[in-house]
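Here the structure is laid out as structure tokens; the discussion comes afterwards.
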Amino acid sequence: MTMFSPDIQDIDKKLQKLEDEEIKSFMKKKGYSDEEIELAIRNTHLHDAIDRLEDIFFEPNEREEMINILLVDGWEREEIMRAFEQRNSRT
């Protein structure tokens with residue numbers, strides 16, 4: 001018997017959905033609008049995608065390659081650049 005389930009690939013999606021619901025619930029209690037909540041969740045997803053790509057590329061110089069991948073994944077260049085600016089301001 002194998003210890004892997006065919007549903008294993010859906011675990012990340014299920015975990016993300018649970019996290020999204022937690023963010024949504026918390027922000028609703030704080031009085032944020034649906035638009036603000038959706039923007040925050042989308043921004044969280046973008047930062048997670050950037051983190052994964054940084055782990056793959058290891059070099060911050062590979063930013064253009066990361067941007068191209070994110071563009072293919074459906075992110076807008078403006079929001080990608082905004083996310084990079086936010087990340088740079090944290091360090």
Side-chain angles (χ1 to χ4, degrees):
M1 182 173 156
T2 179
M3 57 189 272
F4 296 104
S5 164
D7 296 328
I8 205 90
Q9 55 190 278
D10 293 330
I11 289 175
D12 284 339
K13 289 179 184 178
K14 289 177 183 178
L15 290 173
Q16 186 63 59
K17 187 174 181 180
L18 288 172
E19 183 178 310
D20 292 352
E21 290 301 319
E22 286 181 23
I23 292 170
K24 195 177 288 188
S25 175
F26 174 80
M27 290 183 76
K28 273 280 192 207
K29 289 178 186 174
K30 295 291 182 179
Y32 289 94
S33 70
D34 288 341
E35 183 178 303
E36 290 171 314
I37 293 169
E38 291 305 316
L39 182 61
I41 290 171
R42 183 163 173 82
N43 195 34
T44 299
H45 289 229
L46 176 55
H47 282 275
D48 289 345
I50 291 171
D51 287 341
R52 282 192 303 277
L53 289 171
E54 282 181 339
D55 288 344
I56 292 168
F57 287 107
F58 296 109
E59 295 290 327
N61 308 2
E62 304 293 338
R63 181 173 284 184
E64 196 57 40
E65 183 70 22
M66 291 170 51
I67 291 170
N68 290 334
I69 291 169
L70 292 166
L71 288 170
V72 169
D73 286 348
W75 299 100
E76 299 292 329
R77 182 172 282 277
E78 286 180 8
E79 63 186 336
I80 295 168
M81 298 312 292
R82 210 172 28 251
F84 277 124
E85 288 173 17
Q86 290 170 346
R87 296 169 75 75
N88 289 338
S89 69
R90 289 190 295 191
T91 59

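Keep in mind that the numbers below use all heavy atoms, side chains included, and drop hydrogens, waters and symmetry copies. All residue numbers in this chain count up from 1 along the given sequence.
Checked against salt bridge (Lys or Arg N to Asp or Glu O under 4.0 Å), Asp73 has no partners two or more places apart in sequence or in another chain. By the salt bridge (Lys or Arg N to Asp or Glu O under 4.0 Å) test, Glu38 is found to be paired with Lys24, residues two or more places apart in sequence or in another chain being considered. By the side-chain hydrogen bond (donor to acceptor under 3.5 Å, both in side chains) test, Glu21 is found to be paired with no residue, residues two or more places apart in sequence or in another chain being considered. For Arg42, the salt bridge (Lys or Arg N to Asp or Glu O under 4.0 Å) partners are Glu79, not counting sequence neighbours. Every residue two or more places apart in sequence or in another chain was checked for a salt bridge (Lys or Arg N to Asp or Glu O under 4.0 Å) with Lys17, and none qualifies. With sequence neighbours left out, the side-chain hydrogen bond (donor to acceptor under 3.5 Å, both in side chains) criterion links Asp51 to Arg87.
Alongside Ile23, the hydrophobic cluster contains Phe26, Met27, Tyr32, Ile37, Ile41 (criterion: ILVMFWY side chains under 4.5 Å). Listed by chain and number, the hydrophobic cluster partners of Leu39 come to none, as no ILVMFWY side chain reaches under 4.5 Å of it.
Note that the CG atom of Asn43 and the CG atom of Asp48 stand 10.0 Å from one another [nearest 0.5 Å]. The distance from atom CE of Met66 to atom CZ of Arg63, rounded to the nearest 0.5 Å, is 7.0 Å. With rounding to the nearest 0.5 Å, the separation of CD in Glu65 from CG in Leu70 is 10.5 Å. Once rounded to the nearest 0.5 Å, the distance linking CD1 of Ile50 with CD1 of Ile69 reads 11.5 Å.
Side-chain contact check for Arg82 versus Leu46: every heavy-atom pair is 4.5 Å or farther apart.
Nearest heavy-atom pair, Ser33 versus Glu36, reported as atom, atom and distance to 0.1 Å: N-OE1, 2.8 Å.
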>> Between Lys29 and Glu22, is the salt bridge (Lys or Arg N to Asp or Glu O under 4.0 Å) condition met? List the steps.
In response: CA-CA 11 Å; Lys29 289 178 186 174; Glu22 286 181 23; over 6 Å; no
